[in-house]
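Quick notes on the structure that follows.
All residue numbers refer to positions in the sequence shown, counting from 1. Computed from a predicted structure; not experimentally measured.
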Amino acid sequence: MIRRRGTLFVVSAPSGAGKTTLCREMRLRLHDLAYSVSVTTRAPRSGEIDGSDFRFVHEREFRAMLDGGEMAEWATVHGNLYGTPAAPLEAALRDGRDVLLDIDTQGAAQLRVRYPEAVLVFIVAPSMAELEQRLRERRSDRESEIGRRLQRAREEIALWRRYDYLIVNRDVKEAMEQLESIIQAERCRVARLALNFPDLEVPN
Ligand code: 5GP
């Protein structure tokens, strides 16, 4: 009876804020959320599957996709190129499926212009000290890399007012509940609902 176009949820966060875990868990919890596979020029990490985690391409191929207007947004992050292919994203939204994108602040800004109705969510760690500790606990980054990520985190956090929602990730369970509440509330917004039947009477 009621039909709506899909909603685009864009989640950004500095590395160490817990965004990857939240997005992964949210996809397990909300099965109907579509997920976009980004294209990147960075090398696959161990365990990552091409076509599932990312589409790993050579820079030449990435630039050809850009020139062909195939990307909805793109950015350089830590020296590598990342982009969201436009066609699958458009198809999902047209079919009324909600899409969750895990992308950086530069890409989020581009999508805000392209899809003004997108919902932008920013996730932060409770403090810079906590963020630093989480980055150190990963043990995957060298000292110079940790410094670089912290500096970039400061620059990204300065942009938080451009987002619609801010989640302070003190506790994964609580942060998950907040993200799910945002998604569920946005799904109910009257402004997003297109009535198939103009004379539909909603009971009061
Ligand atoms: P990683 O390489 O560590 O998986 O991701 C590095 C950063 O790139 C993360 O902040 C992630 O959100 C961002 N990222 C991943 N895919 C895309 C994308 O398609 N576009 C943009 N702009 N950023 C992306």
Side-chain angles (χ1 to χ4, degrees), residues 8-29 33 35-50 52-57 59 62 71-84 99-112 118-180 182-183:
L8 177 58
F9 293 94
V10 178
V11 177
S12 308
S15 51
K19 175 187 56 170
T20 310
T21 309
L22 282 181
C23 289
R24 194 181 48 230
E25 292 291 316
M26 195 49 63
R27 286 199 297 279
L28 293 177
R29 200 183 274 206
L33 266 189
Y35 183 65
S36 158
V37 178
S38 293
V39 181
T40 185
T41 60
R42 93 150 153 73
R45 297 188 185 122
S46 76
E48 282 183 332
I49 300 167
D50 186 27
S52 171
D53 294 296
F54 280 98
R55 217 181 113 198
F56 298 99
V57 299
E59 181 163 347
F62 192 100
M71 298 292 195
E73 62 76 34
W74 72 282
T76 304
V77 185
H78 304 307
N80 296 304
L81 303 176
Y82 293 81
T84 305
V99 182
L100 183 67
L101 290 186
D102 162 354
I103 64 173
D104 90 312
T105 48
Q106 307 164 71
Q110 293 166 45
L111 290 176
R112 171 64 99 201
V119 179
L120 271 55
V121 182
F122 196 69
I123 297 170
V124 285
S127 66
M128 286 307 288
E130 171 82 23
L131 184 68
E132 184 167 351
Q133 191 186 331
R134 288 185 193 173
L135 286 177
R136 287 188 192 287
E137 279 167 4
R138 279 187 184 178
R139 292 175 195 277
S140 57
D141 295 331
R142 277 172 303 166
E143 195 58 31
S144 58
E145 181 61 21
I146 290 174
R148 212 155 62 93
R149 285 184 188 261
L150 281 173
Q151 180 49 34
R152 187 169 155 80
R154 281 192 195 91
E155 291 162 15
E156 289 189 312
I157 291 167
L159 304 175
W160 71 277
R161 282 180 199 279
R162 293 188 185 170
Y163 285 72
D164 299 304
Y165 294 95
L166 176 75
I167 295 178
V168 180
N169 187 5
R170 291 185 195 85
D171 166 76
V172 179
K173 193 163 165 282
E174 183 193 48
M176 279 288 293
E177 274 160 18
Q178 291 180 343
L179 182 56
E180 185 174 0
I182 291 166
I183 294 172

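- The shortest side-chain heavy-atom distance between R27 and D102 does not fall under the 4.5 Å cut-off.
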Decide yes or no on side chain to side chain contact (heavy atoms under 4.5 Å, CB included) for M71 and T84, but give the supporting numbers first. CA-CA 5 Å; M71 298 292 195; T84 305; 5.8 Å; no

Apply the test side chain to side chain contact (heavy atoms under 4.5 Å, CB included) to residues M26 and F9: give CA-CA distance (whole Å), side-chain angles for both, the deciding distance (0.1 Å), then the verdict. CA-CA 12 Å; M26 195 49 63; F9 293 94; over 6 Å; no

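- The CG atom of L120 sits 11.0 Å away from the CD1 atom of I182 when rounded to the nearest 0.5 Å.
- Salt-bridge annotation for E132 and R149: absent, with no side-chain N of the basic residue lying under 4.0 Å from a carboxylate O of the acidic one.
- Rounded to the nearest 0.5 angstrom, E73 CD and S36 OG are separated by 8.0 Å.
- Across L111 and L8, no two heavy atoms sit closer than the pair CD1-CD2, 4.4 Å.
- Annotation for R134 and G18: closest pair NH1-N, 4.5 Å, computed over non-hydrogen atoms.
- When L81, T40, N80 are each tested for a side-chain contact (heavy atoms from CB on, under 4.5 Å) with F62, only one passes: L81.
- How far CZ of R112 is from OG1 of T105: 13.5 Å, rounded to the nearest 0.5 Å.
- Here the closest heavy-atom approach between residue I123 and residue A13 is recorded as O-CB, 3.1 Å.
- Salt-bridge formation is detected for the pair D104/R152: a Lys NZ or Arg NE/NH1/NH2 atom is positioned less than 4.0 Å from an Asp or Glu carboxylate oxygen.
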Going through the checks in order, is the side chain to side chain contact (heavy atoms under 4.5 Å, CB included) test met by R29 and E180? CA-CA 9 Å; R29 200 183 274 206; E180 185 174 0; 2.6 Å; yes

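- Between the CG atom of D164 and the CZ atom of F122 there is a distance of 13.0 Å, given to the nearest 0.5 Å.
- A125 and A17 make their closest contact through N-CB, 4.0 Å (heavy atoms, listed as atom of the first residue, atom of the second, distance).
- Taken from OG1 in T41 to CZ in R55, the straight-line distance is 12.5 Å, to the nearest 0.5 Å.
- In this structure, the separation between CG on L150 and CZ on R148 is 11.5 Å, given to the nearest 0.5 Å.
- Between M128 and I157, some side-chain heavy-atom pair lies under the 4.5 Å cut-off.
- Here D53 does not pair with R24 in a salt bridge; the nearest charged N to carboxylate O distance is not below 4.0 Å.
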Could you walk me through whether E156 and V124 pass side chain to side chain contact (heavy atoms under 4.5 Å, CB included), step by step? CA-CA 10 Å; E156 289 189 312; V124 285; over 6 Å; no

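- N169 places no side-chain N or O within 3.5 Å of a backbone atom of A175 that could act as its donor or acceptor partner.
- Side-chain atoms of E48 come within 3.5 Å of backbone N or O of R45 as a donor-acceptor pair.
- Residues A108 and Y163 come closest through the heavy atom pair CB-OH, 3.3 Å.
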With side-chain hydrogen bond (donor to acceptor under 3.5 Å, both in side chains) as the test, would you mind laying out the steps for Q110 and Q106 before giving the verdict? CA-CA 7 Å; Q110 293 166 45; Q106 307 164 71; 5.9 Å; no

